[in-house]
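The structure appears right after this line, and notes come after that.
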Number of protein chains: 2
Amino acid sequence: MTSQYKASRFATPRDMPEQTYRLSNVCLPAPLSMGELETFSAISRQVSPLRKRHTLFEQGEAFRSLYIVRCGSLKQVYRDITREEHVTQFYLPGEVVGLDALSSGFHPGATIALETTSVCEIGPESIEELAHGDRTERGVGGCFLRVMSRAMHQERMMVRLFLNRTSDVRLASFLLALSGRFRQQGYSPFCFRLSMSRSDIGNYLGLAVETVSRLLGRFQHLGLLTAKGREIRIDDLEALAALADGRSRHSIWDTADEAPERLASMSTH
Amino acid sequence: MTSQYKASRFATPRDMPEQTYRLSNVCLPAPLSMGELETFSAISRQVSPLRKRHTLFEQGEAFRSLYIVRCGSLKQVYRDITREEHVTQFYLPGEVVGLDALSSGFHPGATIALETTSVCEIGPESIEELAHGDRTERGVGGCFLRVMSRAMHQERMMVRLFLNRTSDVRLASFLLALSGRFRQQGYSPFCFRLSMSRSDIGNYLGLAVETVSRLLGRFQHLGLLTAKGREIRIDDLEALAALADGRSRHSIWDTADEAPERLASMSTH
DNA sequence: CGTATTCTTGATGGTAATCAAAGCGGGTGG
DNA sequence: CCACCCGCTTTGATTACCATCAAGAATACG
């Protein structure tokens, strides 16, 4: 499972240099750092693996435990009053599931395995322990607070990402976030498999399925990546990051290495 | 300060009935409940009032204290790599400022008074106390966790609100959230003054200033509210809520009580 | 091997951003 | 007290982006 890639550096936002927080990192919840993960693991217990499409818990279910993803992945789906479904989060290995249920005592959304997935359970007694653990800010209690604060901040940056940015920026950010996560987990950041469908991605990013598909097509056409079904190979990470950070010159169409005459014809319309 | 309106009910999401969480409530952070407010107040100390445009702290400043808004209001502004400014939050009385700095130890955005504002400071020692207070989930520590979890959930619902919904829904939700906040603070939920500019609202909601202005015009035209500069009077709360929850019949233009011929002409275009 | 999702591709229209310019305050100084 | 000026707000015209509708292609699954 942990293979050729060494999880070299953990991009904890501790060392925030001049507040250059990159939007390209906010599309997924922050995983736990190594130390945090150990802390959590020490008091958690494995539960039997979840098969694809099976739920860890349903929407509205009473909160019982937190979970940490061991391997596999899940999506959180919130069904609103109009029965419409919204994918509110993807959970990848190392991430904590269920924090958003602490306030109300009920899970605000169903959480569904995208593939065979195994998680660790942190029961109420352990949560108690975590929250009140010891009195140093570095200790377990502080750790818990930090995890929540980070999650909150991340959600907020997510809002920003979606508010002004265009569809290409959103998708690029999402892919980069995935890539970064895989790197941290010791997998290749360049070659990975999407465990979620285009439809899930679109729903999550607030884009139509068709738009996701078209964008992947364009990215591919521009040499940013190669997409074959759910297999993704990132060919130009730097350019993708430039796109995600809004540093790219003019959105999408004009990367100029191809179809310049189409550009000309479009500008005269 | 606390005047004619009695703060009758606190809409804490504790009693979540069948998960019908209304989007119209998520546009602003949840204020503390009465009990929570008392808890926090007990260990906080007043600081000198902040005048309009003055900052409580700058972006990137090291975290020192949490604050609770006593009266007045603030906006949080995040300046990204491209020097663009994003209004990430408005803080109204009863709300906790600074929670998002706990993870990194640095404030992710500057926080600026929109009017003369006074806050209470919760120093590090008190935070310690809050986080580790006593061992019952009902106690101070649990309270702290709940506040954060709620904030997190709210940010998430905010994302949902913005992703698919149209501009009119966003603005209606925002106004309703404001209205609800004023009600809870004991002020009239129907008549209030916006402490923020149209530009701030637009930035916060991801809309152009012009759009905000136009929408307010339309709302007024439809008899939903009366807007005179920054003074707002809500004339039809029910209709506004219907709009915010997507229960309104056809977005905006077709409320049929006026200008039906314009409708006809538009549909033929 | 057939059926059903899932994914891609094209055509069209609506919503809201952008550009442009004209009112409106409201504070400051004459 | 009035006039001026600057920021805020409103209004109009144009355009770009993306959702939607509609097939068709590919892939998964039994």
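Numbered from 1 within each chain, the chains take letters A, B, ... in sequence-line order.
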Rounded distance (Å) that lies between atom P of D:dT9 and atom CD of B:Glu231: 13 Å
Within the sub-3.5 Å range, which N or O atoms of nucleotides 28-30 of chain D have a protein N or O partner, and how far apart are they?
none

Rounded distance (Å) that lies between atom C1' of D:dC6 and atom CZ of B:Arg53: 12 Å
D:dC18 phosphate, OP1 or OP2, under 4.0 Å from A:Ser167 side-chain N/O: yes
Exam field: side chain B:Ser173 to backbone B:Val169, donor-acceptor pair closer than 3.5 Å: yes
Set of residues satisfying salt bridge (charged side-chain N to carboxylate O under 4.0 Å, His left out) with respect to B:Arg230, sequence neighbours excluded: none
Nearest-angstrom distance from the residue atom CD of A:Gln220 to C1' of C:dT9: 14 Å
Contacts of type salt bridge (charged side-chain N to carboxylate O under 4.0 Å, His left out), residue B:Glu58, not counting sequence neighbours: none
side-chain contact (heavy atoms from CB on, under 4.5 Å) involving B:Thr211 - partner list, sequence neighbours excluded: B:Ser167, B:Leu207, B:Ala208, B:Leu215
Those residues that, when tested against B:Ser118, pass side-chain contact (heavy atoms from CB on, under 4.5 Å) (two or more places apart): B:Gln46, B:Pro49, B:Arg70, B:Cys71
Pairing residues for B:Ser73 by the side-chain contact (heavy atoms from CB on, under 4.5 Å) criterion, not counting sequence neighbours: B:Leu92, B:Leu114, B:Glu115, B:Ser195
All side chain to side chain donor-acceptor pair (under 3.5 Å) counterparts of B:Glu85, not counting sequence neighbours: B:Arg79
Touch class at under 4.0 angstrom, heavy-atom based, for A:Leu216 against every strand present: nothing
Qualifying salt bridge (Lys or Arg N to Asp or Glu O under 4.0 Å) pairs, either residue in residues 194-214 of chain A, two or more places apart: A:Lys75-A:Asp200
Contacts of B:Arg193 that satisfy salt bridge (charged side-chain N to carboxylate O under 4.0 Å, His left out) - sequence neighbours left out: B:Glu231
Interatomic distance, B:Arg198 CZ vs D:dT11 P [rounded to whole Å]: 10 Å
Nucleotides 20-24 of chain D: which of its N/O atoms have a protein N/O under 3.5 Å away?
from: D:dT20; atom 1: O4; to: A:Arg214; atom 2: NH2; distance (Å): 3.0
from: D:dC21; atom 1: N4; to: A:Glu210; atom 2: OE2; distance (Å): 3.0

A:Asp236: partners by salt bridge (charged side-chain N to carboxylate O under 4.0 Å, His left out), with sequence neighbours left out: none
Geometric class of the A:Phe174/A:Phe90 ring pair [parallel <30°, tilted 30-60°, perpendicular >60°]: tilted
Rounded distance in Å - CG (A:Leu205) to C1' (D:dC17): 16 Å
Sugar-phosphate, base or nothing in reach of B:Gly206, heavy atoms under 4.0 Å: sugar-phosphate
Nearest-angstrom distance from the residue atom CZ of B:Arg230 to C1' of D:dT10: 14 Å
Base-paired stems that DNA chain D participates in, counting runs of 3 or more Watson-Crick or G-U pairs under 3.5 Å: C:1-6 with D:25-30, C:8-22 with D:9-23, C:24-30 with D:1-7
Touch class at under 4.0 angstrom, heavy-atom based, for A:Ser197 against every strand present: sugar-phosphate
